[in-house]
Participant: 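Would you mind keeping the following structure in view while I ask a few things?
Here the structure is a predicted model, which means the values were calculated and not measured. Convention: sequence-line order gives letters A, B, ...; per-chain numbering from 1.
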2 protein chains.
Amino acid sequence: MRISYRDVKAEILNRIRSNTWPLGTNLPGEIELAKEFGCARATMNRAMRDLVDDGILERKRKAGTKVKQSPVRQAQFSISIVREEVEQAGSVYSYSLIERELIPAPAWLRERIKVAKDAPILHLKCMHYSGKNPYQFEDRWINLDVVPAAREFDFEDVGPNEWLIQQIPFSTGELVFSATNAPESIARFLKAPVDTALFSVERTTWLEDKSVTYAQLYFARDHKMTTYI
Amino acid sequence: MRISYRDVKAEILNRIRSNTWPLGTNLPGEIELAKEFGCARATMNRAMRDLVDDGILERKRKAGTKVKQSPVRQAQFSISIVREEVEQAGSVYSYSLIERELIPAPAWLRERIKVAKDAPILHLKCMHYSGKNPYQFEDRWINLDVVPAAREFDFEDVGPNEWLIQQIPFSTGELVFSATNAPESIARFLKAPVDTALFSVERTTWLEDKSVTYAQLYFARDHKMTTYI
DNA sequence: TAGTGGTCTAGACCACTAT
DNA sequence: TAGTGGTCTAGACCACTAG
């Protein structure tokens, strides 16, 4: 049978786990290893690149490949549309707009996203539900300079999250996860006691070098985010 | 100049962003696209596989390649040793063992990890500090059937996290992120008021099909986990 | 400046799956 | 069962960087 890059990965991991190649070991070069494993150099290369992505090896030209001294595993999880999160859990999704206003960007927001001083910003508050249960409270700011169409959109039926993804798919951004004691203004909508610990996410989105939107998302109490590594 | 897979990726993203290929579009096959772009099929393949990893395309044999209807971005973050998290932030790391006991696994734990009914489990509580500030409270259970060496190790100077990574590098597992109101028993160590919202992580680790360890990690108040997408 | 990884190519065969 | 992606190979040249 021909050697697959998966076989190569598995064997390399075996050698690390079995201490044949302890943490920090310098591995032989691609060509030599490929010969030993009986595969092409490209196959060895793919296996090793994969292991770099997994946080297991380090490679540098000229210096060679070594087993990382301190394994840093890469955890991965997908950020999808709220609707789909809910529906994938087998529940019925619903959405409701709480507030919509057009105001100048407050100072604290201008520290987070780049936006002209007196330009009006669209501020939205909304709720996402899973069946009859609150699922997420969303507090969002949209830069109308970048997404002028938002000015005309009423967001009564479609959430800003879903709408923005259609407008600006695949933009880049930052995600910050943390825990927050629910203030009354949010606890009310999530039907939780004030000060309940809420899992929250701040999301900042850019399109090239322009700030598109900033959002604070608060999940209902006891929300969990799971990933496998 | 020769066409790089990065160029191909960039151009594909351009076409999606510029609506040349709207969400849901079926793309031409690899061979045809490679011809159009003037590169080898392997190059086109690598670009497209990368975009699948990024959550932008979907591919199925025979069916072909399409732009995902709902962009699901893959966020990534690295799970490292607590010591390194602290040191990378430029602080001095220190560690202290609070409690160490050998007891039969409680029932709730046996629901989470597979462990013999009357086998003794090593239970550890410890604190990690960043400079003089509390950084993380760790409540850990170690399966001695799988890691018998832990029975002899005192964990006075080295945390279980760090020790286990040396023993069983690159094991697989589950991570669950959530928010918790600090109970008194934990708040005390993190120097936070009772009920403060804490960012917390549960980690379950397997080695092949055996449960190695289960840990609940509670970060100090206002802890944030950041990632870029 | 030499050694190592990074990437491209052209060609081939295989595996899955829509129809 | 035919079409599309998945992967392997052998060979080549390039780019970065340790010594």
Participant: What I want to find out is whether Arg6(A) reaches Asp50(A) closely enough, with some N-O distance under 4.0 Å, to be called a salt bridge.
Facilitator: no
Participant: Under a 4.0 Å threshold between the charged nitrogen and the carboxylate oxygen, would Arg15(B) count as salt-bridged to Glu36(B)?
Facilitator: yes
Participant: For Glu30(B), is there an ion pair with Arg59(B) - N to carboxylate O distance below 4.0 angstrom?
Facilitator: yes
Participant: Less than 4.0 Å between a side-chain N and a carboxylate O, is that true for Arg203(B) and Glu174(B)?
Facilitator: no
Participant: For Lys60(B) and Arg46(B), find the nucleotide of DNA chain C closest to each by heavy atoms; which residue's nucleotide sits nearer the 5' end?
Facilitator: Arg46(B)
Participant: Using heavy atoms to find the nearest nucleotide of DNA chain D for Lys62(A) and Arg2(A) separately, return the residue whose nucleotide is more 5′.
Facilitator: Arg2(A)
Participant: Report yes or no: does Asp154(A) contribute a side-chain atom to a donor-acceptor pair with the main-chain N or O of Glu156(A) at less than 3.5 Å?
Facilitator: yes
Participant: Any side-chain heavy atom of Tyr129(A) within less than 4.5 Å of one from Gln136(A)?
Facilitator: no
Participant: From the 5' end of DNA chain C to its 3' end, which nucleotides mark the outer limits of contact with chain A, defined by a 4.0 Å heavy-atom distance cut-off (strictly under)?
Facilitator: dA2(C) to dT7(C)
Participant: Where is the tightest heavy-atom contact between Gln167(B) and Ala149(B), given as atom of each residue plus distance?
Facilitator: OE1-CB, 4.3 Å
Participant: Under 4.0 Å, heavy atoms only, any strand: does Ala42(A) hit a base, just the sugar-phosphate, or nothing?
Facilitator: base
Participant: Within the structure shown, what part of the strands sits under 4.0 Å from Arg41(B) by heavy-atom distance: base, sugar-phosphate, or nothing?
Facilitator: base
Participant: Cation-pi check, Arg46(A) to Tyr5(A): give yes when NZ or CZ is under 6.0 Å from the six-membered ring centre and within 45° of the ring axis, no otherwise.
Facilitator: yes
Participant: Select from Gly38(A) and Arg61(A) the residue whose nearest nucleotide in DNA chain D is closer to the 5' end of that strand.
Facilitator: Gly38(A)
Participant: Which string of ( ) [ ] | and . matches DNA chain D, if you list each base 5' to 3' and count Watson-Crick or G-U pairs only when both distances are under 3.5 Å?
Facilitator: ||||||||||||||||||.
Participant: Heavy atoms only, 4.0 Å cut-off, all strands: where does Ile3(A) land among base, sugar-phosphate and nothing?
Facilitator: sugar-phosphate
